[in-house]
Number of protein chains: 2
Amino acid sequence: MSDKHSPLQNHLINALPAEDQARLIPLLEWVPMTLGQVLYESGDTLRHVYFPTNSIVSLLYVTESGASAEISVVGNEGIVGVALFMGGESTTNRAIVQSAGHAYRLPGKYFKNELNQHGQLMILMLRYTQALLTQMAQTSVCNRHHRIDQQLCRWLLLSLDRLMSNELVMTHELIANMLGVRREGVTDAASKLQKLGVIEYHRGHITVLDRPKLEELCCECYAVVKQETDRLLPYVPKQPVK
Amino acid sequence: MSDKHSPLQNHLINALPAEDQARLIPLLEWVPMTLGQVLYESGDTLRHVYFPTNSIVSLLYVTESGASAEISVVGNEGIVGVALFMGGESTTNRAIVQSAGHAYRLPGKYFKNELNQHGQLMILMLRYTQALLTQMAQTSVCNRHHRIDQQLCRWLLLSLDRLMSNELVMTHELIANMLGVRREGVTDAASKLQKLGVIEYHRGHITVLDRPKLEELCCECYAVVKQETDRLLPYVPKQPVK
DNA sequence: GCTTCTGTGTACGCTAACGAACATTGGCGT
DNA sequence: ACGCCAATGTTCGTTAGCGTACACAGAAGC
């Protein structure tokens, strides 16, 4: 991985006016995000917000019986810790790193301070939150109506969008935890996709070979989320990522 | 139905400081909400926000194939149309009246005006939105992991909390649309609950006889949402509802 | 009183996904 | 080079929920 890193790799930071960036960026801390790392647990008081750059974070809920389900995914398009600016200080979810990389971290009090003083950050946060609402709603619908293989397609596409490469470091077991299904169910779906030549996988590595085909096999849920996110938060890079 | 009605029956309005109420209340329009009425469709530009008093509104998503699923429920604890203050102006959901009654309606421009000028309304909206996020997340989990009869219990409890009475005017068919399952599935679950003496129903009317038992039979999802909503938006009536 | 329609009950076969158990294999540590 | 374990493959019986079809009864309209 290149040592070139910049907060602007995060789309929300990127979307801020220059003067807001100038104030905010010095407060940010560049931190590694390791696979499986838990940023916060259900009920924890949040200490920081995270702006992922090349990492992916899953928000998931763990039931009393230990089963889990992914509520939404956050990558460089978003921020982890919306509860801090929503005023709740905690959520009922767990935030866990789904794909290793880095993020920029900001202590909660600085974040809230910025929010209160400058409107642009707040506006952006609100729009992002609406995108998050859309994603959650769609996850809910997908859980109800679509088959595992369709959901796997959705999940792969959401992950791809948040990575630079077409390879995911991810086991069937972990995907199963995210989707809230059995590992065997994921294996079945993945092997089906592999037979179709859409993906190729091997012991914890999944490579997407044919993205158009993947979108074809997917249910509508991916497109709905993607379109709405693009509408709410159009991405215009202010500085080319070197 | 009594002709006694007041915007304070809505918990969000009720929670505002007196001076904010004084400004806001004259702008509100008291409107009837009829069963099945669609407040907005997916993609519509929202014109108003609604503060339900004794009505209940479902936010639901309709898939390409025509299947539906309820994303969340809004009653007198909340507001319909968060997209207006989130900045998106529209959502991918449909808002439909699930239980007839009334609401107070506010044109979008007044609403946004109020938001920008006075912090207290914004703070309240943010907290409510977090409660909504929680509800959506939990619906998603419930769709994945819990049986229809448990989900029916959750749905009944969520509805009860938003009504004064223990009787719902609601057919199995409509509940099925909300839960995103077959009508027969709801009939099975409901008949099971009736045999247990928890509810009693008859051609479009459901009466809850034993609420504690209903909570017992329910999955954790109801309690999680309830607890988090109470935490985020504690309800302290400022004027007893006559 | 009659018809008609809406809401509910019930039965049948079917499928997706589950739970559990076990086989196989590749990669990693020592 | 070896052994071990994590990752994947496969099977089998079970179950929840689906799609369909149809029966029945109460309510509403004429």
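Order of the sequence lines fixes the chain letters, A, B, ..., with proteins taken first and strands second; residue numbering starts at 1 for each chain.
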- Task: With sequence neighbours left out, write down each residue that passes side-chain hydrogen bond (donor to acceptor under 3.5 Å, both in side chains) with B:Asn143, or none if nothing qualifies.
- Result: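 Applying side-chain hydrogen bond (donor to acceptor under 3.5 Å, both in side chains) to B:Asn143 gives A:Ser140, A:Arg144.
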- Using the C1' atoms of five pairs at each end, what's the angle between the two axes of the helix from C:dG1-D:dC30 to C:dT30-D:dA1, to 10 degrees?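 That helix has its two terminal axes inclined by roughly 40°.
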- Item | Sub-4.0 Å heavy-atom contacts from residues 145-154 of chain A onto DNA chain D, ordered by number |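 None - not one residue of the stretch has a heavy atom sitting under 4.0 Å from the strand.
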- For A:Gln227, look at atom CD and say whether over 12 heavy atoms of other residues, nucleotides or ligands are found less than 6.0 Å away.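 No - once you tally the heavy atoms of other residues, nucleotides and ligands closer than 6.0 Å, there are 12 at most.
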- Message: Any salt bridge linking A:Asp230 with A:Lys226? Criterion: basic side-chain nitrogen under 4.0 Å from a carboxylate oxygen.
- Response: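 Result for this pair is yes, salt bridge flagged.
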- Of B:Arg182 and A:Gly180, the one whose closest DNA chain C nucleotide lies more 5':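 Result of the comparison: B:Arg182.
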Tell me which pairs pass salt bridge (Lys or Arg N to Asp or Glu O under 4.0 Å) where either residue lies in [range], with sequence neighbours left out.
| range | answer |
| --- | --- |
| residues 127-137 of chain B | none |
| residues 71-84 of chain A | A:Glu77-A:Arg162 |
| residues 44-65 of chain B | none |

- Take atom CZ of A:Arg144 and atom P of D:dA16, then tell me their distance rounded to the nearest Å.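 To the nearest whole Å, that distance equals 15 Å.
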- Query: Got a sec? Which of residues 190-198 of chain B come in under 4.0 Å of DNA chain C, heavy atoms?
  - Reply: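 Listed by number, there are none.
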- Message: Evaluate B:Leu133 against A:Thr129 for side chain to side chain contact (heavy atoms under 4.5 Å, CB included), listing each step before the verdict.
- Response: CA-CA 9 Å; B:Leu133 283 166; A:Thr129 304; 4.2 Å; yes
- Query: With B:Glu167, which residues qualify under salt bridge (Lys or Arg N to Asp or Glu O under 4.0 Å), at least two apart?
  - Reply: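 So B:Glu167 forms no salt bridge (Lys or Arg N to Asp or Glu O under 4.0 Å) with any residue.
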Between side-chain atoms of residues 169-183 of chain A and protein atoms elsewhere (two or more places apart, or another chain), which donor-acceptor pairs fall under 3.5 Å?
| from | atom 1 | to | atom 2 | distance (Å) |
| --- | --- | --- | --- | --- |
| A:Thr171 | OG1 | A:Leu174 | N | 3.2 |
| A:His172 | ND1 | A:Thr187 | OG1 | 3.0 |
| A:Arg183 | NH1 | A:Thr187 | OG1 | 3.0 |

- Specify whether B:His102 and B:Trp30 have parallel, tilted or perpendicular ring planes, treating 30° as the upper limit for parallel and 60° as the lower limit for perpendicular.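 B:His102 and B:Trp30: parallel rings.
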Polar atom pairs (N or O), protein with nucleotides 6-8 of chain D, under 3.5 Å:
| from | atom 1 | to | atom 2 | distance (Å) |
| --- | --- | --- | --- | --- |
| D:dA6 | N3 | A:Arg203 | NH2 | 2.9 |
| D:dA7 | O3' | A:Gly204 | N | 3.4 |
| D:dT8 | OP1 | A:Gly204 | N | 3.0 |
| D:dT8 | OP2 | A:His172 | N | 2.8 |

- Test side chain to side chain contact (heavy atoms under 4.5 Å, CB included) on B:Thr53 and B:His5 and set out the steps. CA-CA 8 Å; B:Thr53 54; B:His5 60 268; 5.9 Å; no
- Query: Looking at side-chain heavy atoms only, is the closest gap between A:Leu156 and A:Leu168 below 4.5 Å?
  - Reply: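 Side chain of A:Leu156 against side chain of A:Leu168, heavy atoms only: contact under 4.5 Å found.
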- I would like to know whether B:Glu70 and B:Gln98 meet side chain to side chain contact (heavy atoms under 4.5 Å, CB included); could you show each step before the answer? CA-CA 11 Å; B:Glu70 187 177 74; B:Gln98 178 213 303; 3.6 Å; yes
- First and last nucleotide of DNA chain C, 5' to 3', lying under 4.0 Å from heavy atoms of chain A: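 Contact span on the strand: C:dA17 to C:dG27.
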- Query: ring pair (Phe, Tyr, Trp, His ring centres under 6.0 Å) with B:Tyr40: which residues, sequence neighbours excluded?
  - Reply: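 Ring pair (Phe, Tyr, Trp, His ring centres under 6.0 Å) check on B:Tyr40 returns nothing, list empty.
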- Indicate whether any N or O donor in one side chain lies under 3.5 Å from an N or O acceptor in the other, for B:Arg94 and B:Ser68.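 Absent: no donor and acceptor within the cut-off.
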